[in-house]
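Atoms within each ligand, like the ligands themselves, are counted from 1 in listed order. Computed from a prediction, not measured in an experiment: that's the story for all the values here.
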Amino acid sequence: MSFPHVRPRRLRSTPAVRRLVAEVSVEPRQLVLPMFVRDGIDAPLPISSMPGVVQHTLDSLRAAAEEAVREGVGGIMLFGVPDDADKDAEGSASWNPDGVLNRGLRALRDDLGDATVIMADTCLDEFTSHGHCGVLDGAGRVDNDATLERYALMGVAQADAGAHMLGPSGMMDGQIGVLRSALDSAGHQDVSLLAYTAKYASPFYGPFREAVGSSLQGDRRTYQQDAANRRESLRELELDIAEGADIVMVKPAMSYLDVLADVAAASPVPVAAYQISGEYSMITAAAQNGWIDRDAAIRESLLSIRRAGADIVLTYWATEAATWLQRGT
Ligand code: PBG
């Protein structure tokens, strides 16, 4: 009988030694909280497909944002949910300074100043009557370059409203370059761009569509990436870097950890990953059924995204996870 001399179990034998040798960890400063602000409601509205997440009023948004900052989260990503009556084919409420998203951004910047990084979703889908991320041409296809003109208007309005960082999530070609030029021409050289570099068409966005009251029929497969493809994310990375991206992102996170690892290995700028609505809801639903340990599953999911290479993680659990992390529980 020959017993092993080399025993990897030694470094797993106590919590203290496991803590000592852990390669990655999650810190509150690395977490970004996505939030929804909705027009025309007077109390926060629960999102049934995302138990625990709400559409905020302006007031509840401010309170929840203050709490997130107190717990040390690194940033807030704001999405707007306009009244249906304010949606049109172009999504023009998105560049109206009094549109719900811009009012939300202004309120957050007024309250929080530079205490956290205030990010804006720069995409038309919440504001268009057809629910697509861009404007449509005569044949009903999403028109790339006509959409870029609207993104430029929207991005400048968001910067005017106080956003520190824009997150163009629509997957139009050239969106980073166009936004960079538009911001620079408007005197917003200091507003940065979080590029949705690798964004895949995914059924895991399902709960988000309820969260933003999306009007979409059909899918986004002509602009978001195909789940079968890995290499093209490196091409998207090269383009976004060339166009001036300050941070690059991979989305969804958990079904694209290979893509995240590729992008993290090749990127000269910080890398983010978005743990999306479906990832949130799957863990939440399984835990509600008593099938998994909720908190442990959340921790492991965040750790796996960090381990794959994300410097920054967008997660609906940002405030809660930051609370545990701060208290060391
Ligand atoms: C679209 C957008 C989506 C998400 C963020 N921005 C949905 C989509 O592309 O269909 C998804 C976020 C989530 O699922 O949590 N602008």
Return the set of residues passing ring-ring contact (aromatic ring centres under 6.0 Å, His included) with F204 (not counting sequence neighbours), or none when no residue passes.
none
Atom 12 (C) of ligand 1 has as its nearest protein heavy atom F208 CD1, 3.2 Å
Under 4.0 Å, heavy atoms only, figure out whether ligand 1 is touched by the backbone of S277, its side chain, both or neither.
both
Only heavy atoms count here, so choose which of Q275, R220, K251 is nearest to atom 8 (C) of ligand 1.
R220
Polar contact flag, side-chain donor to acceptor under 3.5 angstrom, E279-S301
no
Suppose I only count heavy atoms of F79 and a 4.0 Å limit; which atoms of ligand 1 are within that range?
5 (C), 6 (N)
With heavy atoms and a 4.0 Å threshold, my read on which part of D125 contacts ligand 1 is side chain
Quick test of your reading of the structure: of C133, S169, S281, whose heavy atom lies closest to atom 16 (N) of ligand 1?
S169
What residue and atom, counting heavy atoms only, is the protein's closest point to atom 2 (C) of ligand 1, and at what distance?
K199 NZ, 3.2 Å
Using a 3.5 Å cut-off and no angle test, enumerate the donor-acceptor pairs between side-chain atoms of residues 64-82 and protein atoms at least two apart in sequence or in another chain.
none

May I ask you to decide if P44's main-chain N or O and H56's side chain share a donor-acceptor pair within less than 3.5 Å?
no
What do you reckon, does R209 put a non-hydrogen atom under 4.0 Å from ligand 1?
yes
Does Q189 CD have over 12 foreign heavy atoms under 6.0 Å away?
yes
With heavy atoms of C123 as the reference, note each atom of ligand 1 found under 4.0 Å away.
16 (N)
If only atom types and distance count, is the side chain of S185 paired as donor or acceptor with the main-chain N or O of S181 below 3.5 Å?
yes
Any idea which part of Y316 is under 4.0 Å from ligand 1, heavy-atom wise: side chain, backbone, both or neither?
side chain
Exam field: side chain Y151 to backbone G134, donor-acceptor pair closer than 3.5 Å
no
